[in-house]
2 protein chains.
Amino acid sequence: MSAPVGRARDAVARPLPRATVDRLPRYLRALDELETRGIVTASSMTVSAAAGVGSAQLRKDLSFLGSHGRRGVGYDVTHLRGRIAAALGVTSRQRVVIVGIGNLGHALANYAGFGERGFSVVGLVDVDPEVVGNRVSGLVVRHLDELERLVDELGATIAVLAVPASAAQRVCDRVVAAGVGGVLSFSSGELAVPRGVDLRTVDVGAELQILAFHGHRRQSPGA
Amino acid sequence: MSAPVGRARDAVARPLPRATVDRLPRYLRALDELETRGIVTASSMTVSAAAGVGSAQLRKDLSFLGSHGRRGVGYDVTHLRGRIAAALGVTSRQRVVIVGIGNLGHALANYAGFGERGFSVVGLVDVDPEVVGNRVSGLVVRHLDELERLVDELGATIAVLAVPASAAQRVCDRVVAAGVGGVLSFSSGELAVPRGVDLRTVDVGAELQILAFHGHRRQSPGA
DNA sequence: CGCTGTGAAAACCTTCACAGCC
DNA sequence: GGCTGTGAAGGTTTTCACAGCG
């Protein structure tokens with residue numbers, strides 16, 4: 001409640017533009033790669049090339065996080081990596097529940113990237129009696145009835161929805177009511193979430209249609 | 001080379017802003033939904049609500065496609081659906097090859113959304129001898145060696161890559177050399193493609209990290 | 001009178017270019 | 001000399017608000 005000691009030092013709590021936040025994961029991955037390659041110090045050119053953006057863009061984005069480079073030298077890879085991880089909030093491992101253990105949910109549950117990128121899959125949920133009770137990637141699949149209890153007991157902050165579009169809104173409402181603050185949906189429909197809850201949608205069909213647009217433009221640039 | 005008969009009639013071949021193209025799939029899906037519900041005519045308010053955008057945004061976007069609504073009335077749902085499908089280039093079913101039939105590739109191969117959204121999965125490719133030869137979703141998985149021949153014979157225009165990050169660039173180079181014009185990658189790393197080829201990347205780890213950002217901001221809005 | 005289609009305004013984002021520090 | 005950090009310029013996207021048509 002009480003917000004004491006407003007230390008206005010190096011970062012004046014700039015608001016971090018949305019577009020910048022969307023790029024931070026790329027930078028984090030690029031820095032991981034450089035670190036793995038044993039590179040200790042890197043210029044904005046080096047990092048931005050690894051991340052696939054322009055160097056001015058990178059420097060501008062980083063400037064919102066405060067000043068962490070050395071002029072004439074570049075950035076300390078490990079230090080910068082830490083700053084970005086802190087900004088993203090992936091220093092303490094976030095807990096994820098996956099709802100819907102069909103083909104896609106199964107693939108996600110086995111996806112090693114979760115661990116590498118700072119997340120722990122702590123719960124798997126489905127409704128199908130054929131699936132409930134199975135062990136997938138070291139976890140037993142629980143029934144949807146237990147969703148609220150699981151989210152609460154496991155302290156999940158993020159839910160991944162890999163359920164049919166027809167069920168997505170209902171499941172979404174339940175995970176939100178259970179207290180998660182972020183939802184990643186793989187269904188194509190629009191989902192409504194209350195203010196304060198963050199929703200992101202991955203729509204494979206939409207991605208393909210965007211590719212289709214550019215493809216057919218290539219063939220018939222006129223009409 | 002010769003660019004004849006430049007008929008400058010209703011649409012002056014406006015360039016379709018990138019942001020607009022990215023939203024067209026949402027509109028298409030929203031219109032499908034309205035059509036299924038038996039709605040024949042809809043105002044920009046109705047359509048935009050179903051698509052999850054503002055009504056002014058929708059009207060502005062549609063204005064780039066030409067004038068297809070009736071003032072005081074709204075849009076003919078079926079007609080508008082057709083116009084958007086045509087703009088996206090999904091009137092003639094595009095052919096897709098999936099490379100990498102692990103957990104994710106398997107899930108994608110079985111994903112019904114491809115058909116519903118205007119695509120045919122015509123080929124599945126992997127390197128693992130355990131997987132090659134298996135029948136998945138009605139198709140036999142072929143070996144990576146056959147990739148170029150398959151893309152050519154099947155007339156694939158889009159490749160979906162569900163391969164390990166370490167293999168992604170090599171596979172990408174090959175599908176591009178084989179002639180596909182669009183690539184959808186599920187690996188997290190940066191991929192380089194030549195000019196004229198369209199690349200889109202779905203990075204689940206990055207999506208989660210963006211959710212994490214907003215989640216931890218919610219808890220500690222200060223530092 | 002209602003709703004589209006669209007200029008104009010406002011917000012946002014990227015790129016440039018250079019002052020300032022190492 | 002080299003590279004960061006950042007104002008300022010330029011570009012794109014969104015929102016507003018209303019003229020114009022049905």
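Proteins get letters first, then strands, A, B, ... in listed order; numbering begins at 1 in each.
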Peer 1: Ignoring backbone atoms, test whether A:Tyr75 places a side-chain nitrogen or oxygen under 4.0 Å from the OP1 or OP2 oxygen of C:dC22.
Peer 2: no

Peer 1: Just how far is it from atom CG of A:Asp203 to atom CD of A:Glu190, taken to the nearest 0.5 Å?
Peer 2: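 Here the rounded value is 9.0 Å.
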
Peer 1: Here's a test of your reading of the structure: between A:Gly72 and A:Thr20, which maps to the more 5' nucleotide of DNA chain C?
Peer 2: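 Checking each residue's closest nucleotide, the 5'-ward one belongs to A:Thr20.
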
Peer 1: From the list D:dC3, C:dG5, D:dT6, which nucleotide is the closest neighbour of the side chain of A:Lys60?
Peer 2: D:dT6

Peer 1: Quick one: A:Leu58 CG to D:dT6 C1', roughly how many Å, whole number?
Peer 2: 14 Å

Peer 1: Any donor-acceptor pair under 3.5 Å between the side chain of B:Arg71 and the base of D:dG20?
Peer 2: yes

Peer 1: Considering only side-chain heavy atoms of A:Pro17, which listed nucleotide, C:dC13, C:dT4, C:dC22, is closest?
Peer 2: C:dC13

Peer 1: For C:dT14, does OP1 or OP2 lie under 4.0 Å from any side-chain N or O of A:Arg23?
Peer 2: yes

Peer 1: May I ask you to verify if any side-chain N or O of A:Ser44 is less than 4.0 angstrom from the OP1 or OP2 atom of D:dC3?
Peer 2: no

Peer 1: Which of these nucleotides, C:dC3, D:dG5, D:dC16, is closest to any side-chain atom of B:Ser43?
Peer 2: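 That would be C:dC3.
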
Peer 1: Which nucleotide sits closest to the side chain of A:Ala19: C:dC13, D:dT4, C:dG5?
Peer 2: C:dC13

Peer 1: For the side chain of B:Ser63, counting heavy atoms from C-beta on, which of C:dT6, C:dA17, D:dC3 is nearest?
Peer 2: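 Nearest to the side chain of B:Ser63 among the choices is C:dT6.
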
Peer 1: Please check the phosphate of C:dG5 (OP1 and OP2 only) for any side-chain N or O of B:Ser67 closer than 4.0 Å.
Peer 2: yes

Peer 1: Which nucleotide wins on minimum distance to the side chain of B:Gln57, given the candidates D:dT14, C:dT4, D:dC3?
Peer 2: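 Among D:dT14, C:dT4, D:dC3, the one nearest the side chain of B:Gln57 is D:dT14.
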
